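Take a look at the structure set out below.
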Amino acid sequence: MSALIVPAVRYVLTQTAAVTAVVPADRILTAYRDGSGLPAILITPESDDAVSPSMLRTDCLRRFTVEIAVIADTLKAARETAEIVRTAVHGAKGTYSGLTIFEIRERGINSTYDIGAEATEKGIHIATVQADAYYRAAAVNPTTIAG
């Protein structure tokens, strides 16, 4: 079910008018393509961890971390759009394709500048929003080892 987190985050962004006013929905991507146009938003999965692992593995609450990169021509555009993205995802919750997301929490914004290949291309500014989506996973059914 964790495979649904990235599409759920994309859904939140495409359904937020403040986001789509700056970045069209067709440029909110889960895989970047050259020529997609700028500004663009790229959502990338990072990790999927148990929130409080138990020895008996009865826990089902998990934290899925995503990176939401805003790619733009200028630092100002990247940072302003990242702030819109941050406020759009922070506190989002609900059900997406049968997966219950208890809450999405943002953890801040970082910026970087990519000068392009061998500094021959026009550089791009990237402002990244880190976010954690808390969801309930299916209970595990461990195998008993007997040797």
Side-chain angles (χ1 to χ4, degrees), residues 1-54 57-142:
M1 294 300 275
S2 65
L4 294 173
I5 301 288
V6 171
V9 171
R10 183 182 185 280
Y11 178 80
V12 168
L13 295 175
T14 60
Q15 299 305 305
T16 304
V19 174
T20 57
V22 180
V23 180
D26 63 342
R27 286 196 220 148
I28 300 174
L29 311 165
T30 57
Y32 187 73
R33 300 163 192 88
D34 273 343
S36 293
L38 297 179
I41 296 173
L42 177 62
I43 307 162
T44 309
E46 286 195 344
S47 64
D48 187 6
D49 303 304
V51 172
S52 56
S54 67
R57 302 301 301 150
T58 57
D59 57 317
C60 295
L61 181 62
R62 298 192 63 83
R63 177 182 57 237
F64 190 93
T65 302
V66 294
E67 179 180 279
I68 307 166
V70 176
I71 307 164
D73 289 327
T74 67
L75 177 60
K76 182 178 189 281
R79 293 294 296 202
E80 287 176 350
T81 305
E83 181 61 21
I84 294 168
V85 166
R86 184 192 71 75
T87 58
V89 298
H90 187 68
K93 58 186 168 186
T95 302
Y96 181 83
S97 293
L99 172 68
T100 298
I101 298 175
F102 296 114
E103 186 177 31
I104 299 175
R105 295 180 186 165
E106 59 84 18
R107 290 188 289 120
I109 301 172
N110 298 310
S111 299
T112 189
Y113 179 72
D114 184 343
I115 61 171
E118 300 175 11
T120 58
E121 300 174 8
K122 178 182 175 190
I124 55 172
H125 293 270
I126 304 167
T128 304
V129 178
Q130 299 286 333
D132 295 328
Y134 292 85
Y135 74 100
R136 180 179 174 82
V140 297
N141 187 14

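This one's a predicted model, so the numbers in the text were calculated from it and none came from an experiment.
What you find for Ala88 and Val12 is that their closest heavy atoms are O-CG1, 3.7 Å. Nearest heavy atom pair, residue Phe64 against residue Pro45, reads CZ-CB, 3.5 Å. The two residues Ala133 and Ile5 make their nearest non-hydrogen contact at CB-CG2, 3.8 Å. A pairwise comparison of heavy atoms in Val22 and Ile84 identifies CG2-CD1, 3.8 Å as the closest pair. What you find for Ala131 and Val89 is that their closest heavy atoms are CB-CG2, 4.5 Å.
Under 3.5 Å, the side chains of Ser111 and Arg79 contain a donor-acceptor pair of N or O atoms. In this model, no donor atom of one side chain and acceptor atom of the other lie less than 3.5 Å apart for Thr128 and Asn110.
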> Step by step, would you call Lys76 with His125 a side chain to side chain contact (heavy atoms under 4.5 Å, CB included)?
Replying inline: CA-CA 9 Å; Lys76 182 178 189 281; His125 293 270; over 6 Å; no

>> One pair to check against side chain to side chain contact (heavy atoms under 4.5 Å, CB included): Arg27 and Ile41. What are the steps and the verdict?
In response: CA-CA 6 Å; Arg27 286 196 220 148; Ile41 296 173; over 6 Å; no

> Going through the checks in order, is the side chain to side chain contact (heavy atoms under 4.5 Å, CB included) test met by Leu13 and Tyr11?
Replying inline: CA-CA 5 Å; Leu13 295 175; Tyr11 178 80; over 6 Å; no

>> Between Glu67 and Ile43, is the side chain to side chain contact (heavy atoms under 4.5 Å, CB included) condition met? List the steps.
In response: CA-CA 6 Å; Glu67 179 180 279; Ile43 307 162; over 6 Å; no

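Considering CD1 of Ile71 and CD1 of Ile126, their distance stands at 5.5 Å, rounded to 0.5 Å. Rounded to the nearest 0.5 angstrom, Arg63 CZ and Ile104 CD1 are separated by 14.0 Å. To the nearest 0.5 angstrom, Leu29 atom CG is 6.5 Å from Leu42 atom CG. Here the CG atom belonging to Asp114 is positioned 7.0 Å from the OG1 atom belonging to Thr112, to the nearest 0.5 angstrom. Between Leu4 atom CG and Thr95 atom OG1 the span is 11.5 Å, to the nearest 0.5 Å.
Without hydrogens or angle criteria, Thr81 side chain to Ala78 main chain gives no donor-acceptor distance under 3.5 Å. In this structure, the side chain of Arg10 engages the main chain of Ala25 through a donor-acceptor pair within 3.5 Å. Under the 3.5 Å distance criterion, the side-chain polar atoms of His90 are matched with a main-chain donor or acceptor of Glu106. Judged by distance alone, with hydrogens and angles left aside, the side-chain atoms of Thr16 form no donor-acceptor pair with the main-chain N or O of Val19 at under 3.5 Å.
At least one side-chain heavy atom of Val51 sits under 4.5 Å from a side-chain heavy atom of Tyr134. A 4.5 Å side-chain heavy-atom check between Arg136 and Leu61 finds every atom pair outside the cut-off. In this structure, the side chains of Val9 and Ile68 come closer than 4.5 Å at one or more pairs of heavy atoms.
The pair Arg62-Asp49 does not meet the salt-bridge criterion, since no charged nitrogen lies less than 4.0 angstrom from a carboxylate oxygen.
The aromatic ring centroids of Tyr135 and Phe102 lie 6.0 Å or more from each other.
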